[in-house]
Enquirer: 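Quick one: the structure is below, questions incoming.
Throughout, protein chains are lettered first and strands after them, A, B, ... in sequence-line order, and every chain is numbered starting at 1.
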Number of protein chains: 2
Amino acid sequence: MHVDASTSAAGAPDAEELPLGVLLFIPYRALEAATMDGLARAGYTDMTIAQARIAARIDPGGSRVTRLAEAAQVTKQTAGFLVEQLERAGYVERVPDPTDGRARLVKLAARGHAARQEILPALAEVEAQWLAHIGPERMAHLRETLTMLREIADPFLKDRTGLK
Amino acid sequence: MHVDASTSAAGAPDAEELPLGVLLFIPYRALEAATMDGLARAGYTDMTIAQARIAARIDPGGSRVTRLAEAAQVTKQTAGFLVEQLERAGYVERVPDPTDGRARLVKLAARGHAARQEILPALAEVEAQWLAHIGPERMAHLRETLTMLREIADPFLKDRTGLK
DNA sequence: ACCGGTAGTAAGATCATCTGACTACTATCG
DNA sequence: CGATAGTAGTCAGATGATCTTACTACCGGT
């Protein structure tokens, strides 16, 4: 392989100096790719990554569009649009929210549950590879640390707890 | 504040059970938001987040479009398109790559460097908040762990080192 | 009852990204 | 040296993702 000036700077010496944003992007993106792989392997070719992002945030008892929007950090219009697509494809259903006449709850339909059952093992597989590479302590530490960061970095959570 | 069925499930009991992908998304997204804040505050209103993602990956000596595409995990057409926009806006310049007659190097122009000087403190501010919240050990550990994950999770890096 | 705030939908516009295709250059091999 | 496989970057067309503005109907507090 020909090594030229534009690539020679890409070796290990840079590894410690990458911006945190770039470092966070890589595993995040890998898990999204795994999600799409899991879906594709199971034949679910009609769910886009943006839809999957929304679907992943639907609570067991159902979630409102506005809540999904906040959790995914998109506008309610975007969330509504994606929910609409998911509903059309049979992944979710929308039912009235018994506690508020304006609202509706988005729930996973059977197809949505089935798709989730294909995504989870794909994610587990990637996480197992990470576990094998960095060890169980680091893995647990990572989850802990990210959970702590969420306390101050998640605009949705800050809104809810009044920490903002 | 009215607590209803759709929101009552969002409390602290769920915190330990969030998917890793969601946990990674939150800080990642926060840093992207900080980037855009830093730019806006300095008056750079003509750089989009996708452009910023590309610009962030330009090496000091310049980078090829294909390399930027790999690093940002988009197609070369997308990278080229974003570089074109950055060039038009004066953030980057493109010069011939002396080592390959087909290629060109994308370098930060003066405006690009100036914009980067506004982004960095905005990122540093957010990271300082994280540091204050989780402590220096966890912060260092996080960077280490993410750096290790990059070794196996970064398709670009795997290509380069032949680990794939 | 009034009013400020909120849930969700409509409409229009822009940004982000992909696939397929092509030309020109590079590196390798016989 | 010529042939060939592979690569860098550009063109063209299409689609997905997201935002802003606006609006109607419902909710909760005074």
Enquirer: For A/A71, what residues pass the side chain to side chain contact (heavy atoms under 4.5 Å, CB included) criterion, not counting sequence neighbours?
Expert: A/R57, A/F156
Enquirer: Nearest whole angstrom, please: distance from the P of C/dT6 to the CD of A/E70.
Expert: 10 Å
Enquirer: Of the listed nucleotides (D/dT18, C/dA7, D/dA8), which one gets closest to any side-chain atom of A/A103?
Expert: C/dA7
Enquirer: Nearest to the side chain of A/T75, heavy atoms from C-beta on, is which of D/dA8, C/dT17, D/dT20?
Expert: D/dT20
Enquirer: So do A/L18 and B/R150 actually touch side chain to side chain, heavy atoms under 4.5 Å?
Expert: yes
Enquirer: Does a distance-only test, which skips hydrogens and angles, find a donor-acceptor pair under 3.5 Å between the side chain of B/E84 and the base of D/dT10?
Expert: no
Enquirer: Check whether any side-chain heavy atom of B/R67 lies under 4.5 Å from a side-chain heavy atom of B/D59, and answer yes or no.
Expert: yes
Enquirer: Separation of A/M36 atom CE from C/dT17 atom P, in whole Å?
Expert: 15 Å
Enquirer: When the axes are fitted on five pairs at both termini, how much does the helix from C/dA1-D/dT30 to C/dG30-D/dC1 curve, in 10° steps?
Expert: 40°
Enquirer: Assign B/G101 to base, sugar-phosphate, or nothing according to its heavy-atom contacts below 4.0 angstrom with the strands shown.
Expert: sugar-phosphate
Enquirer: Can you figure out which of C/dA16, D/dT10, D/dC26 approaches the side chain of B/Q85 most closely?
Expert: C/dA16
Enquirer: Do B/L146 and A/L142 touch side chain to side chain, with heavy atoms closer than 4.5 Å?
Expert: yes
Enquirer: Which is true for B/T66 with a 4.0 Å heavy-atom rule: it touches a base, it touches only sugar-phosphate, or it touches nothing?
Expert: sugar-phosphate
Enquirer: Between A/Q73 and B/R94, which has a closest nucleotide on DNA chain D that is more 5'?
Expert: B/R94
Enquirer: Between A/H141 and B/H141, how do the two ring planes meet: parallel, tilted or perpendicular, split at 30° and 60°?
Expert: perpendicular
Enquirer: Does anything in residues 40-58 of chain A come within less than 4.0 Å of DNA chain D? Heavy atoms only, and list the residues if so.
Expert: A/T48, A/I49, A/A50, A/R53
Enquirer: Quick one: does any side-chain atom of B/R111 pair with a main-chain N or O of B/A89 as donor and acceptor, under 3.5 Å?
Expert: yes
Enquirer: Rounded to the nearest 0.5 Å, what separates atom CG in A/D46 from atom CZ in A/R88?
Expert: 12.5 Å
Enquirer: Is A/D100 close to A/R64 at the side-chain level, that is, under 4.5 Å between some pair of heavy atoms?
Expert: yes
Enquirer: Using the 3.5 Å cut-off, write out each protein N or O paired with an N or O of nucleotides 3-5 of chain C and the distance between them.
Expert:
| from | atom 1 | to | atom 2 | distance (Å) |
| --- | --- | --- | --- | --- |
| C/dG5 | N2 | A/R102 | NH1 | 2.6 |

Enquirer: Has the side chain of B/R29 got a donor or acceptor atom that lies under 3.5 Å from a matching backbone atom of A/Q73?
Expert: yes
Enquirer: Could you state the CZ-P distance from B/F81 to C/dT17, rounded to the nearest angstrom?
Expert: 10 Å
Enquirer: With sequence neighbours left out, which residue pairs that include part of residues 127-142 of chain B fulfil the salt bridge (charged side-chain N to carboxylate O under 4.0 Å, His left out) condition?
Expert: A/E144-B/R138
Enquirer: What residues form a side chain to side chain contact (heavy atoms under 4.5 Å, CB included) with B/D37, not counting sequence neighbours?
Expert: B/R41
Enquirer: Please report the distance, rounded to the nearest Å, between CZ in B/R64 and C1' in D/dT10.
Expert: 16 Å
Enquirer: How about A/V95 and A/R104: do any of their side-chain heavy atoms sit closer than 4.5 Å?
Expert: no
Enquirer: Return the value, rounded to whole Å, for the distance between atom CG of B/D100 and atom P of D/dT10.
Expert: 13 Å
Enquirer: Closer to the 5' end of DNA chain C via nearest nucleotide, is it B/K76 or B/L82?
Expert: B/L82
Enquirer: Report the distance from atom CG of B/D97 to atom C1' of D/dT10, rounded to the nearest whole Å.
Expert: 17 Å
Enquirer: Send over the distance from B/R104 CZ to C/dT26 C1', rounded to a whole Å.
Expert: 18 Å
Enquirer: Does the side chain of A/T78 get closer than 4.0 angstrom to OP1 or OP2 of D/dA17 through an N or O atom?
Expert: no
Enquirer: In whole angstroms, how far is the C1' atom of C/dG8 from the CZ atom of A/R67?
Expert: 17 Å
Enquirer: With hydrogens left out and only the distance checked, is there a donor-acceptor pair under 3.5 Å joining A/Q77's side chain and the base of D/dT21?
Expert: yes
Enquirer: Roughly how far, to the nearest 0.5 Å, is CG of A/L39 from OG1 of A/T48?
Expert: 10.0 Å
